[in-house]
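The next block holds one structure in the form of structure tokens; read it before the comments.
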Amino acid sequence: MKKTRKLNSPLLVLVILSVLLLIKLGVFRYLVYGEVSWLRLVAIDFPVFMLLPVLLFVVLRRVSPLVALIYNLFVSALLVSIVWYERYFQTVPSYFDLQQGDQAGSVMETVSLLYTPLDFLFFADILVYAALFVLYWNRPLTMKNRKKISVAAFVLVAVSAVTTVVALQKPILDMTLFAKEQGFIQTQLVQAAQQNSASAQMHLVSDEELAELKGNEFVPYTEHDRFGIAKDRHLFVIQIESLQNFAINQSINGQELTPNLNELLGDSLYFDRMFQQIGAGNTSDAEWLLHMSLMTKGLDPTVNYLNGTPLPSLVNMLNERDYYTTTYHADKLEYWNRAELYPSLGFDYAYSSEEIPNEDLIGLWPSDRTMFQFAEGEIQEQIASGKKVYANLMTVTSHTPFEVREQDKYLELPEEYVDTYTGNYLQSIRYADEAVGEFIDFLKAEGIYEESMIVVNGDHSGLHGRPMTKTDNELMAGLLGHTYSLKDRFLLPFIIAAPGLFESEVNSNFGGQVDMMPTIMNLMGIEPQSPMVGHNMLQYENNLLAVRYYLPGGSYITGDHMYLGQNARYPERYYDFDTMERIEPDKETIEQKQENALKILNHSDALLSNFLDEGEEETETGEES
């Protein structure tokens, strides 16, 4: 009887809850940060996670084993989700990512590539709770001495408050490193606070100053090389899901990975050193960079800041020049808040899963072939109306996990590539290339090709994160002839085909996705009416790119070197960008480049803030009148 009373003790419930939380947080720190710092765990992580159930017990005036179990399950699900997120994106998520919870369906197939059986040990405590529920815990346990648990709650509140205040005094340079040192929950609070005060730190620079920050001398837009040579041509931008630059002109067993794109290069200007710059918005951020030439917000998908206010986009500038502007993507407009993005960019019409036939499914979406065939019918009607056409066509079949049907596998892969993540990627890219080739054939058959400028770009990398096993990296090394590096991962193709204007031309000026819009505008003879962050890659040789989210905070890239700031697992690193060999850090250069990169990021944020504020003022003025 005495033993039963001890097992029914509220103190025992709290002890079991505390021990299980400590174990889980220790495992979490090891899996995500690569180490277990028990001092940080006990002093920073544990008090915050223990605070909520203890406060509930104080309010309820009893210790509920059921509440303890539910809270334990919640913490387990949260920690496992963070572990999986970090394995794929190689950074911990922010509270912003919770806003995208309703969009998880499109990437759920990837989860099977991220989990390990050991992950389910996070839920092993269910067995402990089940046994104690059956034997002893059949009712809430009344606290005999409420003062003791109230004191415990006060201590937890005090410690949590102190660690949060300390964290608020520090800047977040790298999300994962900050969470490792200051606590995951504290990091979310700091992000929210810094987000609300960020506008005070934003400063605009002039076009001349911006060029100087990148190492160039400003040249007036109309004086740029080949300004306006493609004026009044139809414009087709084909954004290929997960297409990385290494796939262009690459072969395996004598088979080209992108034979149709390789053929298109004969009429093209090909930029082979364009770097990925997306943030948490992924594909939607790629759309943003292409159409606005502004940096992404990084931790928060940029589209979450938009409200439909018209922006000085490439689309709106084409609208002013009597183009009919459309975009095509075989998904819902609600995905990545495109219902706000597209009105802001100014598209005359956005074709989505509402119009594109839900047939010939590959994975979750209609195939690329279905999307292009639908677009062909619409483009025929638009051309017949006599207007110039801008069509932004986004593929989706080569979305992770890169699984295509047997009838859509155009490559005969070596045995070691079959049914691997890398092999599946190569097959899906080859399929996307085939669909693009058929669309190019359509343009030629309709007599549109010679009157058009056709842009092909990748939205972001595909081969990265935990799905890339040791075997996959070895396969990539065999394919490329060298170790698969960050450079191979982040370089994306940027191809501009304009029959009669270009012929197999390669431009190796270093640039980023933010530079696509100015380059396109230059060729089309469009002088910008509003500031941009990117520049015309045909005019400027030097560049300085800051990359939020997918590289550690403080990182930057130039055409000569890549600097990676410290993160939770690695110290700072410095690479020769051509060879990707480690070199000795040049502290003076690094500090100056970091300062310049920060000015560029702040300039971009200030521009977006100003554009949105101006839009709101115009809306209010219109309502008043």
Side-chain angles (χ1 to χ4, degrees), residues 171-175 194-195 198-219 221 271 273-281 285-286 288-300 302 305 311-314 490 492 494 509-519 521-522 528 530-537 539-565 577 586 588-612:
I172 297 179
L173 293 179
D174 180 74
M175 174 76 173
Q194 291 186 356
Q195 186 71 16
S199 58
Q201 305 171 15
M202 297 189 299
H203 301 284
L204 290 169
V205 298
S206 66
D207 287 344
E208 290 77 10
E209 290 171 320
L210 181 62
E212 186 178 348
L213 289 172
K214 298 177 182 181
N216 300 304
E217 184 176 342
F218 178 75
V219 177
Y221 294 103
F271 296 90
R273 297 215 307 166
M274 188 188 78
F275 207 85
Q276 171 181 310
Q277 291 180 284
I278 62 165
D285 274 352
W288 174 259
L289 288 157
L290 166 69
H291 291 108
M292 284 298 299
S293 190
L294 294 182
M295 285 298 299
T296 62
K297 298 299 290 184
L299 295 174
D300 191 10
T302 311
Y305 289 80
L311 297 170
S313 68
L314 173 63
F490 285 118
L492 308 174
F494 180 37
N509 285 346
F510 179 68
Q513 288 169 291
V514 75
D515 299 312
M516 292 189 294
M517 174 177 160
T519 306
M521 289 171 59
N522 173 70
S530 299
M532 299 180 294
V533 171
H535 65 224
N536 173 19
M537 292 173 68
Q539 183 65 36
Y540 298 109
E541 294 183 6
N542 300 316
N543 215 332
L544 173 63
L545 301 182
V547 178
R548 287 169 160 167
Y549 196 72
Y550 279 99
L551 291 182
S555 301
Y556 68 84
I557 312 98
T558 71
D560 298 320
H561 65 269
M562 174 191 289
Y563 171 74
L564 303 182
F577 191 70
D586 179 345
E588 186 175 341
T589 299
I590 290 171
E591 289 176 2
Q592 185 60 61
K593 295 293 186 184
Q594 282 183 319
E595 182 181 341
N596 290 355
L598 181 60
K599 288 180 180 178
I600 293 171
L601 289 174
N602 284 338
H603 173 64
S604 179
D605 291 341
L607 285 174
L608 175 57
S609 179
N610 286 353
F611 292 153
L612 294 177

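From Trp288, atom CH2 reaches atom CD1 of Ile278 across 15.5 Å, with rounding to the nearest 0.5 Å. Considering CG of Leu492 and CZ of Phe271, their distance stands at 14.0 Å, rounded to 0.5 Å.
The shortest non-hydrogen separation linking Gln276 to Val547 is O-CG2, 3.8 Å. In plain terms, the two heavy atoms of Pro312 and Met517 that are nearest each other are O-CE, 4.1 Å. Shortest non-hydrogen contact noted between Gly279 and Asp285 is N-OD2, 2.9 Å.
Evaluation of the side-chain hydrogen bond (donor to acceptor under 3.5 Å, both in side chains) rule for Thr519 yields no partner, not counting sequence neighbours. Residues passing the ring-ring contact (aromatic ring centres under 6.0 Å, His included) test with His561 are Tyr556, Tyr574, sequence neighbours excluded. Considering only residues two or more places apart in sequence or on other chains, Thr589 meets the side-chain hydrogen bond (donor to acceptor under 3.5 Å, both in side chains) condition with Asp586. Tyr550 pairs by the ring-ring contact (aromatic ring centres under 6.0 Å, His included) definition with nothing, not counting sequence neighbours. Considering only residues two or more places apart in sequence or on other chains, Tyr540 meets the side-chain hydrogen bond (donor to acceptor under 3.5 Å, both in side chains) condition with none of them. For Asp174, there are no salt bridge (charged side-chain N to carboxylate O under 4.0 Å, His left out) partners two or more places apart in sequence or in a different chain. Under the ring-ring contact (aromatic ring centres under 6.0 Å, His included) criterion, Phe510 pairs with Phe577, not counting sequence neighbours. Residues passing the salt bridge (charged side-chain N to carboxylate O under 4.0 Å, His left out) test with Lys599, sequence neighbours excluded: Glu595. Considering only residues two or more places apart in sequence or on other chains, Leu598 meets the side chain to side chain contact (heavy atoms under 4.5 Å, CB included) condition with Asn602. Taking Asn596 as the reference, Leu213, Leu544, Gln592 meet the side chain to side chain contact (heavy atoms under 4.5 Å, CB included) condition, with sequence neighbours excluded.
Contacts classified as salt bridge (Lys or Arg N to Asp or Glu O under 4.0 Å) and involving residues 210-219 (residues at least two apart or in different chains) are not found. Residue pairs meeting the salt bridge (Lys or Arg N to Asp or Glu O under 4.0 Å) criterion with at least one partner in residues 541-559, sequence neighbours excluded, are Arg548-Asp605.
Side chain of Gln513 to backbone of Ala286: no donor-acceptor contact under 3.5 angstrom is found. Distance alone, capped at 3.5 Å, places no donor-acceptor pair between the Ser313 side chain and the Met292 backbone. Checking side-chain atoms of Ser293 against main-chain N and O of Gly534 turns up a donor-acceptor pair under 3.5 Å. His603 contributes a side-chain N or O that, together with a main-chain N or O of Val205, makes up a donor-acceptor pair within less than 3.5 Å. A donor-acceptor contact shorter than 3.5 Å links the side chain of Asn216 to the backbone of Asn542.
With a 4.5 Å cut-off on side-chain heavy atoms, Val219 and Asn536 do not count as touching. Side-chain contact between Asp515 and Leu545 is present, with heavy atoms from C-beta onward closer than 4.5 Å. At least one side-chain heavy atom of Tyr221 sits under 4.5 Å from a side-chain heavy atom of Asp207. Looking at Met521 and Leu314, their side chains come closer than 4.5 Å, going by heavy atoms from C-beta outward. Side-chain contact between Leu294 and Phe611 is present, with heavy atoms from C-beta onward closer than 4.5 Å. Residues Leu551 and Phe490 form a side-chain contact, since some pair of their non-hydrogen atoms from C-beta on lies under 4.5 Å apart. Between Lys297 and Leu608, the closest side-chain pair of non-hydrogen atoms falls below 4.5 Å.
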Review point. When you look at Asn543 and Asn509, which way does the side-chain contact (heavy atoms from CB on, under 4.5 Å) test go after all the steps?
Key: CA-CA 8 Å; Asn543 215 332; Asn509 285 346; over 6 Å; no

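With a 6.0 Å cutoff to the six-membered ring centre and a 45° limit on the axis angle, Lys593 does not count as a cation-pi contact of Tyr563.
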